[in-house]
Amino acid sequence: MNRAPMTQKGAERLRAELERLKSVDRPRIIHAIAEARAHGDLKENAEYHAAREMQGFTEGRIKELEAALSYADVIDISKLNAGSKVVFGATVLLADEDSGEEVTYQIVGDLEADIKQKLISVSSPFARALIGKSEGDSFEFQAPNGTRNYEIVEVRYVV
């Protein structure tokens with residue numbers, strides 16, 4: 001199995017989620033199952049079935065996070081010396097050359113990606129279009145809603 005890149009910040013967030021699942025969610029679900037069992041007939045007990053379903057989801061997520069963290073190649077972005085070149089971990093300020101709008105993204109590992117937080121996966125087509133380019137470069141990207149032209153305004157490596 002290849003070691004997936006992950007930022008330190010992303011690894012910390014996933015470890016915190018794992019800790020919450022194990023110390024808060026898992027005991028709460030076990031208690032809910034015990035309480036539902038006390039109500040008798042399990043065949044028609046909606047609370048029991050809902051709690052068991054939640055238990056399955058939670059245990060699956062725990063296994064997923066444990067595996068991801070054990071195989072992660074945690075990269076300290078502050079030690080990268082890429083200058084103005086875009087590599088994994090870069091925070092990139094882009095200007096849409098057509099509209100003039102600016103947007104900032106950070107390139108992160110697959111499991112830590114969250115578009116709402118402006119964290120894009122290193123394996124996404126957009127990140128792949130950015131990697132290897134430098135500050136001042138322009139590039140064309142085939143987005144689902146048509147071709148977009150961007151200029152890389154700034155490349156930073158912030159923790």
Side-chain angles (χ1 to χ4, degrees), residues 1-39 42-43 45-94 96 101-133 141-145 148 150 152-159:
M1 184 174 199
N2 285 346
R3 293 181 61 80
M6 186 178 296
T7 64
Q8 281 185 319
K9 199 173 183 181
E12 287 167 15
R13 264 199 321 273
L14 294 179
R15 281 189 201 103
E17 180 184 352
L18 181 60
E19 182 57 33
R20 180 185 50 78
L21 288 169
K22 286 179 161 183
S23 64
V24 177
D25 293 1
R26 183 187 267 165
R28 182 179 44 79
I29 292 166
I30 290 169
H31 177 73
I33 289 171
E35 208 170 272
R37 268 200 184 120
H39 294 147
L42 298 181
K43 278 189 287 192
N45 188 328
E47 290 91 12
Y48 175 77
H49 293 290
R52 290 292 305 211
E53 190 175 312
M54 183 55 97
Q55 183 183 38
F57 172 79
T58 301
E59 293 302 324
R61 182 66 178 159
I62 288 171
K63 282 184 177 67
E64 178 185 24
L65 290 173
E66 286 175 340
L69 289 165
S70 71
Y71 286 107
D73 184 6
V74 179
I75 296 170
D76 183 352
I77 295 167
S78 67
K79 290 191 169 87
L80 294 177
N81 197 6
S84 65
K85 191 173 188 173
V86 179
V87 298
F88 176 84
T91 298
V92 184
L93 173 62
L94 301 170
D96 185 317
E101 285 181 46
E102 291 188 341
V103 64
T104 301
Y105 293 111
Q106 183 179 17
I107 299 172
V108 298
D110 292 339
L111 261 181
E112 56 186 316
D114 181 353
I115 195 65
K116 291 181 194 125
Q117 307 267 333
K118 304 288 189 206
L119 302 172
I120 59 172
S121 168
V122 66
S123 62
S124 71
F126 194 68
R128 288 197 310 260
L130 280 166
I131 289 178
K133 306 240 179 344
F141 180 72
Q142 293 295 327
N145 59 350
R148 307 291 290 262
Y150 292 99
I152 300 173
V153 177
E154 184 184 17
V155 178
R156 301 184 320 266
Y157 290 90
V158 290
V159 179

- Whether over 12 other heavy atoms sit under 6.0 Å from Q142 CD: yes
- If you measure only the distance, is there a donor-acceptor pair under 3.5 Å linking the side chains of E35 and H31? yes
- Message: I'd like to check Y105 versus L119 (side-chain heavy atoms, cut-off strictly below 4.5 Å). Are they in contact?
- Response: no
- Message: For K133, I'd like to know if atom NZ has over 12 heavy atoms of other residues, nucleotides or ligands within 6.0 Å.
- Response: yes
Extract all donor-acceptor atom pairs below 3.5 Å that involve side chains of residues 6-16 and protein atoms in other chains or at least two apart in sequence.
| unit_1 | atom_1 | unit_2 | atom_2 | d |
| --- | --- | --- | --- | --- |
| T7 | OG1 | G10 | N | 3.0 |
| T7 | OG1 | E112 | OE1 | 2.5 |

- Note on the structure: In short, A67 meets S70 closest at the heavy-atom pair O-OG, 2.9 Å
- Listed by chain and number, what are the side-chain contact (heavy atoms from CB on, under 4.5 Å) partners of A129, not counting sequence neighbours? F139, F141
- Ignoring hydrogens and geometry, is there a side-chain-to-backbone donor-acceptor pair from E102 to D96 under 3.5 Å? no
- Verify, without hydrogens or angle tests, whether R26 (side chain) and L21 (backbone) share a donor-acceptor contact under 3.5 angstrom. no
- Could you tell me which non-hydrogen atom of P27 sits nearest to which non-hydrogen atom of S23, and how far apart they are? CG-O, 3.4 Å
- Item | Over all atoms of both residues, closest heavy-atom pair of V155 and A90 | CG1-CB, 4.1 Å
- Taking C-beta and beyond as the side chain, do D114 and V108 meet within less than 4.5 Å on heavy atoms? no
- Do M54 and I29 have side chains that get closer than 4.5 Å, going by heavy atoms? yes
- Task: Quick one: closest heavy-atom pair of L130 and L94, and the distance?
- Result: CD2-CD2, 3.7 Å
- Message: Check this for me, if you would: do K63 and E66 make a salt bridge, where the nitrogen-to-carboxylate-oxygen distance has to be below 4.0 angstrom?
- Response: no
- Task: Write down the atom of N45, the atom of A36, and the distance for their closest heavy-atom approach.
- Result: ND2-O, 2.7 Å
